[in-house]
Amino acid sequence: MDNSKRNVVVTGFGPFGEHTINPSWVAVQELKKLGLGSNVDLHVYEVPVEYQTVQSLVPSLWKQYHPQLVVHVGVSGMATTVTLEKCGRNHGYKGLDNSSFCPDSQCCIVGGPDCIKSVIDMESVCKRVTASGLGVTVSVSKDAGRYLCDYTYYTSLYLSHGRSAFIHVPPLGKPYSGEDLGRALQAIIREMLTLLDEAEGKINSQQHIH
């Protein structure tokens, strides 16, 4: 494996409800076409809208790729902007998934903390992407909605000690095309990687000060 290359995993969700084609997966496929630059190996996955699949798939992605970052993308029918989620929540999962299942505990990780925040400063990412003149509006949210999006995000945050991100996209054409959303994901994830690099640079320089 080329050690100079970094693994980044990006997931979108499969169909559910009225979303026969899930805009999050369309956006992720557009991102795959664009790539994240020559030094990043981008791996994309379509995640079924099922709690039990998420429970097994998310850990397997971390184990297989040891990624620097995992970004999950989901659709929000209420969103009109591309929304960066700051945290995932453990409790309150009552909605049935595509296989009519809901966890008995109504939580992601029994005994886990109520809320886990991403180590990435979403406000900074939002400001940087907005300043870049992308033409797509980006906002920040603290509530990923207590369904499979939030469930996946919390599970990933728990496993990665916060090295995960979640991005909600609006339905296609309201107002953005799949291509617009792909460009937005590319710009956002590049900024996230830059912030992670900067944070690691600070840690390394502090370790060298004796």
Side-chain angles (χ1 to χ4, degrees), residues 2 4-13 19 21-47 61 65 67-88 117-145 149-150 152-153 156-157 160 162-202:
D2 181 355
S4 64
K5 283 205 163 193
R6 303 184 289 184
N7 281 329
V8 173
V9 175
V10 182
T11 72
F13 283 100
H19 303 286
I21 297 171
N22 195 314
S24 67
W25 181 233
V26 173
V28 170
Q29 287 175 300
E30 291 294 335
L31 168 69
K32 179 69 175 169
K33 288 182 204 166
L34 295 168
L36 289 169
S38 57
N39 65 337
V40 175
D41 270 340
L42 172 61
H43 308 274
V44 302
Y45 279 84
E46 184 179 22
V47 180
L61 292 175
Y65 294 110
Q68 186 184 16
L69 176 66
V70 172
V71 181
H72 303 288
V73 185
V75 64
S76 167
M78 298 173 294
T80 53
T81 62
V82 174
T83 309
L84 309 177
E85 298 292 348
K86 291 172 83 158
C87 53
K117 288 183 178 168
S118 174
V119 296
I120 297 162
D121 181 347
M122 298 301 174
E123 308 282 358
S124 288
V125 174
C126 184
K127 281 185 191 132
R128 290 182 184 198
V129 173
T130 302
S132 72
L134 185 68
V136 174
T137 306
V138 181
S139 62
V140 178
S141 153
K142 292 202 277 275
D143 186 353
C149 290
D150 211 347
T152 303
Y153 192 20
S156 208
L157 286 165
S160 66
R163 292 180 77 87
S164 308
F166 197 99
I167 302 168
H168 263 123
V169 297
L172 291 176
K174 296 184 178 179
Y176 304 115
S177 68
E179 289 88 350
D180 291 334
L181 296 175
R183 283 190 305 109
L185 291 183
Q186 183 190 45
I188 288 164
I189 295 168
R190 279 180 163 168
E191 291 297 352
M192 288 177 175
L193 290 170
T194 302
L195 280 174
L196 283 173
D197 285 347
E198 287 170 6
E200 269 155 29
K202 278 181 199 155

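Counting begins at 1 with the first residue of the sequence.
- Under the 3.5 Å distance criterion, the side-chain polar atoms of Arg163 are left unmatched by any main-chain donor or acceptor of Val70.
- For residues 169-197, no pair satisfies ring pair (Phe, Tyr, Trp, His ring centres under 6.0 Å), with sequence neighbours left out.
- In this structure the side chain of Val75 never reaches within 4.5 angstrom of the side chain of Trp25, judged on heavy atoms.
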Which donor-acceptor pairs under 3.5 Å do the side chains of residues 165-174 make with protein atoms, sequence neighbours left out?
| from | atom 1 | to | atom 2 | distance (Å) |
| --- | --- | --- | --- | --- |
| His168 | ND1 | Glu85 | OE2 | 2.8 |

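- Between Leu196 and Gln68, the shortest heavy-atom distance links the atoms CD1-O, 4.0 Å.
- The shortest heavy-atom contact between His72 and Ser156 is NE2-OG, 2.9 Å.
- Residues that satisfy the side-chain contact (heavy atoms from CB on, under 4.5 Å) test with Ser124, not counting sequence neighbours, are Asp121, Leu195.
- Of all the heavy atoms in Val136 and Asp180, the pair that sits closest is CG2-O, 3.9 Å.
- Contact check on Lys86 versus Glu123 returns a salt bridge, with a Lys/Arg side-chain nitrogen under 4.0 Å from an Asp/Glu carboxylate oxygen.
- Looking only at side-chain heavy atoms (C-beta outward), Val44 and Gln29 stay at 4.5 Å or farther from each other.
- Between the side chain of Lys32 and the backbone N or O of Leu42, at least one donor-acceptor pair lies under 3.5 Å.
- You'll find the side chain of Gln186 reaches within 4.5 Å of the side chain of Leu36, heavy atoms only.
- Atom CE of Met122 and atom SG of Cys126 lie 10.5 Å apart (nearest 0.5 Å).
- Scanning all heavy atoms of the two residues, the minimum distance from Thr80 to Pro175 falls at O-CD, 3.6 Å.
- Nearest heavy atom pair, residue Cys87 against residue Ala144, reads O-CB, 4.4 Å.
- The shortest distance between side-chain heavy atoms of Val26 and Leu181 does not fall below 4.5 Å.
- Distance check: Met192 CE to Arg128 CZ gives 12.0 Å after rounding to the nearest 0.5 Å.
- Between Ser139 and Thr83, some side-chain heavy-atom pair lies under the 4.5 Å cut-off.
- Side chain to side chain, Thr194 and Asp197 fail the donor-acceptor criterion of an N or O pair below 3.5 Å.
- Counting only heavy atoms from C-beta outward, the side chains of Thr11 and Leu61 approach each other to under 4.5 Å.
- Nearest approach of Asp150 to Gly88, heavy atoms of both residues: OD1-CA, 3.4 Å.
- Rounding to the nearest 0.5 Å places CZ of Arg183 at 5.0 Å from CG of Leu134.
- Looking at heavy atoms from C-beta onward, Leu84 lies out of side-chain contact with Ile120 at the 4.5 angstrom threshold.
- Using modelled atom types, one side-chain atom of Ser24 and one backbone atom of Phe13 make a donor-acceptor pair closer than 3.5 Å.
- To the nearest 0.5 Å, atoms CG (Leu193) and CD1 (Ile188) are separated by 12.0 Å.
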